[in-house]
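All remarks here apply to the structure that follows.
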2 protein chains.
Amino acid sequence: MSNCKTHKTCINEALKTAEIICNERGVKLTKLRQTVLKLIWKSHNYVKAYDLLDDLKKIDSSAKPPTIYRSLDFLMENGFIHKIRSLNAFIGCTHPNEHKECYFLICDNCQNIEECCSEQINKVVTSTTGKNHFEPNQVTLEISGICQDCIS
Amino acid sequence: MSNCKTHKTCINEALKTAEIICNERGVKLTKLRQTVLKLIWKSHNYVKAYDLLDDLKKIDSSAKPPTIYRSLDFLMENGFIHKIRSLNAFIGCTHPNEHKECYFLICDNCQNIEECCSEQINKVVTSTTGKNHFEPNQVTLEISGICQDCIS
DNA sequence: TCAATTATGTTATAATATAACATCAATTTC
DNA sequence: GAAATTGATGTTATATTATAACATAATTGA
Ligand SMILES: [Zn+2]
Ligand SMILES: [Zn+2]
Ligand SMILES: [Zn+2]
Ligand SMILES: [Zn+2]
């Protein structure tokens, strides 16, 4: 669970970081993409594409599914957000700069998602895929269960 | 990649195992569920729900989406098949009796999926979730990349 | 036997995602 | 700076994946 005091800071950080990374990479964080990223970061929770679309429509009533999916694709490609496959949902990346193989702890009770990194998990994945002579590209690790706050 | 000689044996094994487990648990592997499991096992590859539905329609033309999804739900609940979340697809479990937290190696090139188990991965997942005071329930670990046969 | 439970049938629709083509804007090339 | 190229967005339509809701049938079990 996130205990941010002024969540506006989280949003601004996310946008600023994305801006910097985009500049480095020579890709464009257009107005639309900024808006979508901002909407995703409206909370620390995951969001569903069509809820996002509804939000976007409040700003630009002409928005349509491709509008949102294209922005989501861009933001994913650049590591600013992640897709949670077990929920068909999207969430802002908490550390786009140093993100490697991360995993997600998804609470079945409060729906909170924690993005974690573990050098250990990285190593084990690498070593076990190595044993299988498999060259990993993308690792999806999602663990659902009950989070700290919901265990009582 | 699977190198079965007589794939009919794989299918029969899967059905027999499911039968035994169902008897143990007092749940019913009905004719329909058997048929769906058989269709899933028509190959060692993953199958998409609607492709499965098309196959089923050849046998029972009145089959509809709920027909297939209910059977899929049953087969998943009982661990006879797995859902591959990154592909929205389904695949037969190669070891429903001893299946624990397994992971899937998905080849981006030949589409083959290998179901693997690793005591090591289990341990790491347990230990890292433990550090987060998170009680895991379901672990989804899917690794896409290039398999042994496709690395050249 | 009849009530409860479980499985299947059936219709409709919800939810998620992409294809295809048009237009517009920014960048590069000449 | 006009023309060409590329990248982004607009727009329409449709594909794909999945479930809700209610009806009927089959099974169980008291
Ligand atoms: Zn915050
Ligand atoms: Zn991340
Ligand atoms: Zn086989
Ligand atoms: Zn399995």
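To find a chain, count down the sequence lines: A is the first, B the second, and so on, and within it residues start at 1. FYI, side chains are in, hydrogens and waters are out, and symmetry mates aren't considered; it's all heavy atoms of this structure.
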Are side-chain heavy atoms of [X] and [Y] found at a separation under 4.5 Å?
X        : Y        : answer
B:Phe80  : B:Ile21  : yes
B:Cys116 : A:Thr128 : no
A:Ile121 : B:Ile121 : no
A:Thr9   : A:Cys4   : no
A:Thr140 : B:Leu141 : no

B:Leu105 and B:Val139: same hydrophobic cluster, using ILVMFWY side-chain contacts below 4.5 Å?
-> yes
Are B:Ile146 and B:Leu87 linked, directly or through other ILVMFWY residues, by side chains that come within less than 4.5 angstrom of each other?
-> no
Using whole Å, what does the distance between atom [atom2] of nucleotide [N] and atom [atom1] of [X] come to?
X       : N      : atom1 : atom2 : result
B:Ile84 : D:dA18 : CD1   : P     : 13 Å
A:Leu72 : C:dA15 : CG    : C1'   : 15 Å
B:Ile59 : C:dT8  : CD1   : C1'   : 16 Å
B:Leu29 : C:dT8  : CG    : C1'   : 15 Å
B:Asp73 : C:dT8  : CG    : C1'   : 14 Å
B:Leu56 : C:dG9  : CG    : C1'   : 13 Å
A:Leu87 : D:dT19 : CG    : P     : 12 Å
A:Leu75 : D:dT9  : CG    : C1'   : 15 Å

Scan B:Lys31 against the nucleic acid and name what it touches under 4.0 Å (heavy atoms): base, sugar-phosphate only, or nothing.
-> nothing
Comparing nearest nucleotides in DNA chain C, the 5'-proximal residue of the pair B:Lys28, A:Phe90 is B:Lys28
The nucleotide from D:dA18, C:dA17, D:dT27 with an atom nearest the side chain of B:Tyr69 is D:dA18
Is it true that atom NZ of A:Lys42 has more than 12 heavy atoms of other residues, nucleotides or ligands lying nearer than 6.0 Å?
-> yes
Is B:Asn88 near enough to C:dT16 that one of its side-chain N or O atoms lies under 4.0 angstrom from OP1 or OP2?
-> no
Write out a two-atom table: protein N or O, nucleotide N or O from nucleotides 10-12 of chain D, distance below 3.5 Å.
from	atom 1	to	atom 2	distance (Å)
D:dG10	N7	A:Arg70	NH1	2.8
D:dG10	O6	A:Arg70	NH2	2.4
D:dT11	O4	A:Arg70	NH2	3.4

Can you list, by residue number, the residues of residues 42-55 of chain B that have a non-hydrogen atom closer than 4.0 angstrom to DNA chain D?
-> B:Lys48, B:Tyr50
Can you run down the salt bridge (Lys or Arg N to Asp or Glu O under 4.0 Å) pairs that involve residues 11-39 of chain B, sequence neighbours left out, and say none if there aren't any?
-> none
